[in-house]
Amino acid sequence: MNELDTMRHSCAHVMAAAVQEMFPDAQFGFGPPIEDGFYYDFELPRQLSPDDFKEIEQRMRRLAKSADHFEYKEIDGKSAIELFTSMNQTYKVEAINNLVSSGEPISLYKSGPFLDLCRGPHVGTTKQIGHFKILSVAGAYWLGDENNPQLQRLYATSFPTKDELTTHLARLEEARRRDHRILAKQLDLFSTNTDVGAGLILWHPKGGVLREIIENYWREEHRKHNYDIVFTPHIGRKKLWDISGHTQWYQDGLFPEMELENQSFINKPMNCPFHVQIFDSQTRSYRDLPLRYGELGTVYRFERSGVLHGALRVRGFTQDDAHIFCRHDQFAKEVGGALDIAYKMLGTFGFTDLKLIVSVRDENRDKKYVGSDEMWTLAEQGLIDALTEKNIEYQRVEGEAAFYGPKIDVMVEDAIGRQWQLSTIQVDFNLPERFDIDYEDSDGSRRRPVMVHRALLGSIERFTAILIEHFAGAFPVWLAPVQAVLIPIADRHIEYCNEVALKLASHGIRIHVDDRGERMNRKIRDAQKQKVPYMLIAGDRDVEANNVSVRLRNGEDIGAITPSVFAQTVQQVSIDRSESYGFGH
RNA sequence: GCCGACGUGGCUCAAUGGUAGAGCGGGGCUUUCGUAAAGCUCAGGUUGUGGGUUCGAUUCCCACCGUCGGCUCCA
């Protein structure tokens, strides 16, 4: 445990002590440090509310003032159980039992009147717990198991100095400011509503532009890399996913079946079976492989109501999916090829700090997996070969593989340092087996192809949401739903603005004329709030010289230029997919 | 799904056991103005839905739907 974690962990003890003062009958769960703070779980006679935070913090400050030493004590398991049983701490007793069975020593820490089962280490005294703030209260299952009782979890944070705490709280505020749900409303990008159903996104015209650009770019990049683009239905016969195994593995995640004329249909939770059918629509030769079928396929998965979150976690979403059918000697190269596109595309959107994770089966095979050991070993080796060949560093994580094969996940870091998992590339020997597909090899024998499943942006809905947060709604020119607003200073300039707008639109620039009866200042303000990259102002001087005066979203005044120079510049930065405005700096 | 909070005009929010108010936004009129909010005026809500308590509920209770913070889950 590093110094900061130690301090936060000690702070958690003090918080627990404060809660114990308020509720002598409180039972305690765990209280570890976490990224950016710590939490502590309690079972209390009543529900805590944010109104209680102040009192708890006050008590914490008083406990800190008394500067009690954190006293360490080691005792044997039996007396520990007796001690905590006498204190009526059933969760602690359970924790001790687990420790005893694993042979770990039982250590205690006492600070003032508060005694806790704890491995430590701690700071010297309760005075050294830094500057803290309680952030939220939430339910949390004991030991993370939803069959266990639910405790109340207090989330809090602490930092050595007041400045650091203030900075961190400002960072949280910044994240809230970038919240895609709020920005989507302000910028009129998408919405959800009760009548449509939770977790189902309605894309408004401006969000539609964003999506269209992202999708067109995706298609362009995949065409370049010799992918074929296919389209498949939103529903299909259930037996397809029975064969693939999805109904068995993810029963809870499916929308219920539709029975018609003795056939059972479901909304597709995955595109793969359809792509397999396309592969299987004719006899394939080894010369045909690899076959790469890409699809922006919208799938439907029933997510539990409590997990829905804006456009990040929804019930209907569009995977930028593809399935590569290839020979055994090809799949490592195909994985590498998919990674290349991922790097290229994510880089274009401004994500350059990428981390890779190779997820494999867990050591003990506790979870259920399909396929033989040889398949898994071979698949994992293929993934790792692809990475070592490219000299890419990765982290290997056990237990995170899909049920049918290992995978590579790509994590990106956004503008304020948050991690998002985007791309996933998975090797699968299983599905070809289940669907009994094959190709004819050079010697005339029938061979099983390997499938590579991959999604690079993940889901278009989710990716768009991440982009909104990454750019805080201020999209680079090539993505901006409206690229420029033309602002006539007085009504007599509207006609000129309309002419210019027509001309710019003919160059593919997304523009509109703000011809409302408002003053220029107001129009600038509104365009600014809509985060439109360029404001083109036209008054007497501009009309006379056939110019527009360019103001950038960042406040910079570029001055008067001709509409055609403006058009050229905007076209260029759009083609380059640059984050620059093309003027100034 | 679970725990908790919340749900008032397009948006942000206020108010009360006696059928709701502001700002922004919208319409109209006036203003025609050089780099982040002109003025006047009008309209707009059966207070998420359905029950219940009450003489009377938007306010209290229950259920459902949805949203938010987490937990669990995430092919």
Side-chain angles (χ1 to χ4, degrees), chain A residues 39 41 43 46-51 135-155 176 179 181-182 185-186 188 191-199 241 244-254 268-272 299 301-310 312-315 317 319 321 400-405 407 421 424 426 428 431 453 455 458-459 462 487-494 516-530 535-542 549-553 555-560:
Chain A
Y39 66 78
D41 290 342
E43 188 175 289
R46 70 164 173 88
Q47 189 62 40
L48 289 174
S49 86
D51 300 335
L135 299 173
S136 63
V137 58
Y141 300 107
W142 169 241
L143 299 180
D145 184 336
E146 64 181 320
N147 298 312
N148 283 340
Q150 202 164 35
L151 308 176
Q152 297 189 54
R153 175 171 295 177
L154 275 180
Y155 281 95
R176 271 192 287 277
D179 190 318
R181 294 164 299 186
I182 294 167
K185 198 177 267 180
Q186 287 171 351
D188 197 17
S191 64
T192 57
N193 80 51
T194 313
D195 294 330
V196 174
W241 290 277
S244 73
H246 288 108
T247 52
Q248 191 191 337
W249 256 269
Y250 299 103
Q251 198 170 19
D252 297 341
L254 301 176
K268 66 172 165 183
M270 274 293 213
N271 303 301
C272 6
V299 297
R301 299 178 185 178
F302 187 81
E303 301 280 4
R304 302 206 277 180
S305 57
V307 307
L308 301 173
H309 185 92
L312 286 173
R313 190 79 183 269
V314 291
R315 286 177 175 160
F317 61 93
Q319 291 182 310
D321 209 359
E400 292 298 312
F403 72 85
Y404 48 76
K407 58 176 182 172
Q421 194 221 299
T424 183
Q426 312 176 345
D428 180 6
L431 224 48
H453 307 242
S459 112
R462 181 167 175 276
I487 299 176
I489 287 180
D491 285 353
R492 63 177 177 280
H493 310 121
I494 291 178
R516 294 174 302 165
E518 297 287 347
R519 292 156 77 216
M520 179 201 60
N521 280 350
R522 173 52 172 277
K523 295 177 183 180
I524 288 176
R525 178 182 153 84
D526 288 344
Q528 201 74 47
K529 286 206 306 187
Q530 286 297 305
M535 282 146 264
L536 309 182
I537 292 136
D540 290 335
R541 298 203 295 266
D542 305 288
S549 294
V550 181
R551 177 198 158 98
L552 303 183
R553 178 171 58 192
E556 233 179 296
D557 186 353
I558 301 304

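Numbers restart at 1 for each chain; the letters A, B, ... are given by sequence-line order, proteins then strands. Note that the structure is a prediction, hence the values are computed from the model and not measured.
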(message) Measuring only between side-chain heavy atoms, which start at C-beta, is A:Arg181 closer than 4.5 Å to A:His309?
(response) yes

(request) In whole angstrom, give me the gap between the C1' atoms of B:rG52 and B:rG56. (result) 14 Å

(message) Checking contacts here: which listed nucleotide (B:rC3, B:rU32, B:rG69) is nearest the side-chain heavy atoms of A:Asp491?
(response) B:rU32

(request) Between B:rU67 and B:rU8, how far apart are the P atoms? Round to whole Å, please. (result) 14 Å

(request) Inspect the contact between A:Asp540 and A:Arg492 and indicate whether a charged nitrogen and a carboxylate oxygen are less than 4.0 angstrom apart. (result) yes

(message) Can you confirm whether or not the ring centre of A:Phe403 sits under 6.0 Å from the ring centre of A:Tyr250?
(response) yes

(message) When the C1' atoms of B:rC42 and B:rC6 are compared, how many Å lie between them, rounded to an integer?
(response) 33 Å

(request) Run the salt-bridge test on A:Arg304 and A:Glu146 with the 4.0 Å N-O cut-off and return the result as yes or no. (result) yes

(message) What's the gap between B:rG28 and B:rA43 when it is taken at their C1' atoms, as a whole Å value?
(response) 10 Å

(request) Would you indicate which nucleotide in B:rG34, B:rG70, B:rU32 comes nearest to any side-chain atom of A:Ala490? (result) B:rU32

(request) Name all stems that contain residues of RNA chain B, defined as runs of 3 or more consecutive Watson-Crick or G-U wobble pairs, both distances under 3.5 Å. (result) B:1-7 with B:65-71, B:10-13 with B:21-24, B:26-30 with B:38-42, B:48-52 with B:60-64

(message) Between B:rG10 and B:rG44, how many Å separate the two C1' atoms, rounded to a whole number?
(response) 10 Å

(message) Any heavy-atom pair between the side chains of A:Leu154 and A:Asp41 that's under 4.5 Å?
(response) no

(message) Checking contacts here: which listed nucleotide (B:rG34, B:rG66, B:rU32) is nearest the side-chain heavy atoms of A:Ile537?
(response) B:rG34

(message) Counting distance alone, no hydrogens or angles: does the base of B:rG1 have a donor or acceptor under 3.5 Å from a partner atom on the side chain of A:Tyr141?
(response) yes

(message) I'd like the C1' distance from B:rG21 over to B:rG4, given in whole Å.
(response) 30 Å

(message) For A:Glu556, is there an ion pair with A:Arg551 - N to carboxylate O distance below 4.0 angstrom?
(response) no

(request) Sticking with atom C1', work out how far B:rA15 lies from B:rG70, rounded to a whole angstrom. (result) 31 Å

(message) Measuring only the C1' atom in each nucleotide, how far is B:rG34 from B:rG66? A whole number of Å is fine.
(response) 47 Å

(message) Regarding B:rG66, can its base be found pairing with the side chain of A:Asn193 as donor and acceptor, where the two atoms are less than 3.5 Å apart?
(response) no

(message) Side chain of A:Ser549, heavy atoms from C-beta onward: which of B:rG1, B:rU35, B:rA75 has the nearest atom to it?
(response) B:rU35

(message) Could you check whether the side chain of A:Gln150 and the base of B:rC2 have a donor-acceptor pair of N or O atoms closer than 3.5 Å, going by distance alone?
(response) yes

(request) With RNA chain B as reference, determine whether A:Arg181 or A:Cys272 sits nearer its 5' end, using the nearest nucleotide of each. (result) A:Arg181

(message) Can you work out whether A:Tyr155 or A:Arg525 has the more 5'-proximal nearest nucleotide on RNA chain B?
(response) A:Arg525

(request) Go through the N and O atoms of the side chain of A:Arg313 and the base of B:rC73, and report whether any donor-acceptor pair is under 3.5 Å. (result) yes

